[in-house]
Structures are given as structure tokens and as C-alpha cells.
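Notes for the one structure printed next.
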Protein chains: 2
Amino acid sequence: MNQKDTIPASFRAVEDKINLVCRRIPENSVQNVVLIHLVKHLQAALHSRMSDVLREHELNPVSFTALMMLFSKPNEALNPSELAEASGESRANVTRICDELVAKGLLERAPNPDDRRRVDLRLAAAGDDEVMKLLPVLRQRVHNVFNVLEQDEKDQLERLLKRVLTESAN
Amino acid sequence: MNQKDTIPASFRAVEDKINLVCRRIPENSVQNVVLIHLVKHLQAALHSRMSDVLREHELNPVSFTALMMLFSKPNEALNPSELAEASGESRANVTRICDELVAKGLLERAPNPDDRRRVDLRLAAAGDDEVMKLLPVLRQRVHNVFNVLEQDEKDQLERLLKRVLTESAN
DNA sequence: ACAAAATAGTACATAAATTAACTATTAATT
DNA sequence: AATTAATAGTTAATTTATGTACTATTTTGT
């Protein structure tokens with residue numbers, strides 16, 4: 001059976017048009033363009049699922065990721081530059097997100113004792129609770145979509161994505 | 001050799017923290033969370049690369065995608081709902097993007113003769129030219145990042161992404 | 001034939017993110 | 001020691017996107 005049949009109907013419209021575009025300009029690789037759009041659509045679907053869960057808690061995927069990254073090291077601070085790198089956001093965006101999370105009582109900022117350029121960020125107890133509460137729901141409603149794949153397929157997907165990311169991130 | 005070594009340094013920070021999070025809540029699958037973040041980071045890297053090319057032409061990835069989808073069928077109109085589906089954007093966003101593209105002279109709107117709810121969208125000649133000009137540059141600077149993979153690896157990546165997208169898009 | 005449901009597209013208030021510039025501070029260079 | 005370069009974080013203007021509600025129109029159901 002052609003595995004390519006198992007795609008959402010909405011992506012078929014995307015793929016059909018990419019096929020036609022690449023007929024008009026044959027030097028393009030249909031497959032490369034399809035892959036780009038697959039990544040975009042999958043990211044949007046994952047983002048949407050996360051948003052649906054987090055909206056009720058007045059959070060969004062970016063602010064939740066920030067909390068989760070701080071949750072990883074409850075006894076250490078991160079600074080905004082580290083958080084920017086860990087969450088894939090710009091430093092300006094991290095400032096904005098931290099403003100919101102501090103206002104919600106989920107995160108605490110403090111001056112760094114050793115370097116006055118730096119700010120120490122720590123999860124507040126309420127933030128820790130929020131992550132504890134939300135991660136199981138996210139596992140059910142978002143993370144588990146990957147369980148449609150077998151273990152060896154997940155391993156392969158991870159390797160392939162990492163190689164493309166390495167190539168594209170410089 | 002461990003293929004997982006070939007990741008950008010910036011993603012190592014992500015993966016390290018995900019590992020620590022999943023030590024605190026062991027029911028989570030490190031790999032599923034890693035996969036979600038891989039997709040997010042890859043999408044951001046691809047988006048950034050596209051933006052770098054398109055910015056000089058006062059376009060962005062979403063407006064270019066709209067042009068490209070119309071470019072696929074130069075002799076037929078699309079309506080905003082079809083374009084929304086083809087580009088993975090909301091109908092409200094498509095209205096906004098079309099406003100911009102009409103203002104730039106790259107796209108034309110007309111009433112649909114058969115159905116007064118509908119609008120016909122067509123590429124203007126200038127839009128056609130823009131796509132012709134930009135696709136080769138995008139191929140060089142964006143699409144070709146996937147050429148780090150062998151053909152069978154691209155096939156596998158496509159299949160796996162489609163299966164996860166099918167699972168997550170409903 | 002008429003009413004109800006659904007679709008199409010837009011408007012607008014609000015949310016989210018980017019970009020460039022800035023000040024303060026530390027690190028590196030001379 | 002002094003100067004230059006780099007880093008850290010923020011600000012604010014601008015860009016991009018969402019969510020909800022709306023009107024107009026067509027389709028569906030009775």
C-alpha cells in the first residue's frame with residue numbers, strides 16, 4: 001500500500017499545487033518543497049494542540065516552554081539568554097514572556113550577584129505546580145501523536161530531523 | 001558513530017533540559033518531547049532562511065506561499081478558502097495577506113460570477129515574475145538543506161512526517 | 001416555498017513576535 | 001591602565017497573526 005495515501009485531506013491540496021509549481025519550474029525538487037510544507041503544517045498542528053490545552057491556564061506554547069525549561073533545574077537559575085536558547089526564542093521575546101510569567105506569579109527574576117548585566121530566572125512554586133499539572137495533559141493530547149510510529153521509526157525520525165536541523169541552523 | 005552527535009550546539013541545551021524534565025516526571029517520553037522541539041526548531045530555521053531571502057522583496061514566507069500556490073494554476077482562480085487550506089493559514093490571515101499582495105500589484109481579486117459569497121484570486125503578471133525570480137534563490141538557500149539526506153532518507157522522512165501529521169491534524 | 005444551517009469573506013480588537021536601537025556592564029585587546 | 005569589543009537585557013515601534021463576530025449568500029432540510 002502506498003504510505004503516501006495516509007495524509008490529511010488538507011495536505012493533499014498543498015501537495016497537488018507543489019507538483020504543479022514544479023512542473024512550471026522543473027529544476028525544483030517537489031520533494032524538498034513538500035518536506036518544507038510538511039514541517040510547517042506539523043508544527044502548526046502541534047502548536048494548535050498545545051494551545052488548546054494551555055489556553056485554559058492563560059498560557060501559550062512559548063510561555064509553557066519557558067516554564068518547562070526552568071522546571072528542568074529547580075535548584076538553579078537560568079538567565080534570559082540561556083532561556084532564549086533553550087526555548088528557541090529571541091531575547092526580546094524572552095523579556096516579554098518573562099514579564100507575563102512574573103506578573104502571573106509563575107516565575108521570579110533577581111539580579112545576578114556576580115554579573116550586573118545578568119538576570120537570574122527561577123520558577124516560582126506556583127510555576128512548578130503548573131508544570132506538574134500540565135505535563136500529563138500535554139502528554140495525552142500532544143506528545144502521544146508520535147506514538148503512531150514504532151520505536152525504530154521514532155529513532156529514524158529523530159536522526160533525520162537532527163541532520164536537517166544541523167544543516168539549516170547555520 | 002552515534003548519529004545523535006550531529007546536532008547544533010543550540011539544540012543540545014534543549015535536549016539536556018528535556019532529559020532533566022523527564023527525570024522529574026518519568027511518565028513522559030523524552031523522545032516525544034524532543035521530537036516536538038525538533039519540529040519547532042527546524043520550522044523556525046527554515047522560516048528564518050526563507051525570510052532572509054524574501055525580505056529584500058518585501059515579502060515573507062506566508063505571502064510568498066500564497067503567491068506560489070496561485071502560481072501553480074496560472075489559468076484558474078483560487079478563492080480565499082482554498083488558498084487558506086493550501087497555505088495552512090486562517091481565512092482571516094488570508095484576507096490580510098491578500099490585501100497586502102493586491103496593494104503590491106502581485107495579486108488580483110474579482111467577484112466570482114457564479115457565487116456572490118466568493119472572491120476569485122489570480123496572480124498578476126508581476127506576481128508571476130516574482131515567483132519565477134524567487135524560486136531559484138529559495139531552492140539554493142532553503143530547499144537544498146534537505147539534500148544532506150540521501151534519497152531513501154528523504155522518502156522515509158516524508159512518510160514519517162505524513163503519518164504524524166495525519167495523527168495530529170484531527 | 002420557506003426556514004434553518006452552512007459557507008464565504010471581512011472587520012476589528014487583541015495577542016504575539018520581530019526588529020533595531022539603546023544603556024549598562026564585563027571581557028578582551030593594546 | 002585605558003580603550004575597544006562583546007554581551008546582557010530591555011524598550012518601543014512595527015509587523016504578523018488570532019479570535020470572534022458579523023453580513024451576505026448559498027445549500028440543505030422540512
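The structure presented is a predicted model; accordingly, all values stated were derived computationally and were not measured. These numbers come from the heavy atoms of this one structure, side chains and all, not from hydrogens, waters or symmetry mates. So that the names make sense, note that chain A is the first sequence line, chain B the second, and so on, each numbered from 1.
- Distances shorter than 4.0 Å separate none of the side-chain N or O atoms of A:Asn79 from OP1 or OP2 on D:dA8.
- Side-chain contact of A:Ser90 with A:Asn93: a donor-acceptor pair under 3.5 Å is absent, judged by distance alone.
- At least one side-chain nitrogen or oxygen of A:Arg96 sits closer than 4.0 Å to the OP1 or OP2 atom of C:dA17.
- Using a cut-off of 4.0 Å between Lys/Arg side-chain N and Asp/Glu carboxylate O, A:Glu89 and B:Lys40 are scored as salt-bridged.
- When rounded to the nearest whole Å, the span between CZ of B:Phe64 and C1' of D:dT16 equals 19 Å.
- Both A:Val119 and B:Ser90 lie close to DNA chain D; mapped to their nearest nucleotides by heavy-atom distance, the more 5′-ward contact belongs to A:Val119.
- With D:dA8, C:dT18, D:dT26 as the candidates, the nucleotide lying closest to the side chain of A:Asn93 is C:dT18.
- If you check every strand for non-hydrogen atoms under 4.0 Å, A:Val62 touches sugar and phosphate atoms only.
- As a whole-Å value, the separation of B:Glu89 CD from C:dT10 P is 15 Å.
- In this structure, B:Ser81 does not reach the C:dT7 phosphate: none of its side-chain N or O atoms is under 4.0 Å from OP1 or OP2.
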Step by step, work out the side chain to side chain contact (heavy atoms under 4.5 Å, CB included) result for B:Leu106 and B:Asp128. CA-CA 8 Å; B:Leu106 302 176; B:Asp128 205 273; over 6 Å; no

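- Atom P of nucleotide C:dG9 and atom CD of B:Glu85 are separated by 13 Å, given to the nearest angstrom.
- Inspection of the B:Gln151 and B:Asp155 side chains reveals an N or O donor paired with an N or O acceptor under 3.5 Å.
- With rounding to whole Å, B:Arg118 atom CZ is found 13 Å from C:dT10 atom P.
- Comparing A:Ala92 and A:Asn60 by the nucleotide of DNA chain C that holds the closest heavy atom to each, the one mapping nearer the 5' end is A:Asn60.
- Note: CZ (A:Arg117) to P (D:dT10) measures 14 Å, nearest angstrom.
- Here the P atom of nucleotide C:dT26 and the CG atom of A:Asn112 are 10 Å apart, to the nearest Å.
- Under the 4.0 Å criterion applied to side-chain N and carboxylate O atoms, A:Glu158 and A:Lys162 are assigned as salt-bridge partners.
- Axis deviation across the helix from C:dA1-D:dT30 to C:dT30-D:dA1 amounts to 40°, comparing end segments of five pairs, rounded to 10 degrees.
- For the pair A:Asp99 CG and C:dA17 P, the interatomic distance rounds to 14 Å; values are reported in whole Å.
- Side chains of A:Gln156 and B:Gln156: no donor on one and acceptor on the other come within 3.5 Å.
- One side chain, A:Asn32 or B:Asn147, offers a donor N or O that lies under 3.5 Å from an acceptor on the other.
- Applying the 4.0 Å criterion to OP1 and OP2 of C:dT19, one finds that B:Arg55 has a side-chain N or O inside that range.
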Audit row: A:Met132, A:Phe71, side chain to side chain contact (heavy atoms under 4.5 Å, CB included) steps and yes/no: CA-CA 9 Å; A:Met132 283 282 197; A:Phe71 182 87; 4.0 Å; yes

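- Side-chain atoms of A:Arg91 and base atoms of D:dG9 include a donor and an acceptor less than 3.5 Å apart.
- Using a 4.0 Å cut-off, no side-chain N or O of A:Thr95 falls inside it from OP1 or OP2 of D:dT11.
- In this structure, B:Lys104 places its NZ atom 11 Å from C1' of D:dT15, rounding to the nearest Å.
- Residues B:Glu100 and B:Asp114 both approach DNA chain D. Their nearest nucleotides, taken by heavy-atom distance, put B:Glu100 toward the 5′ side.
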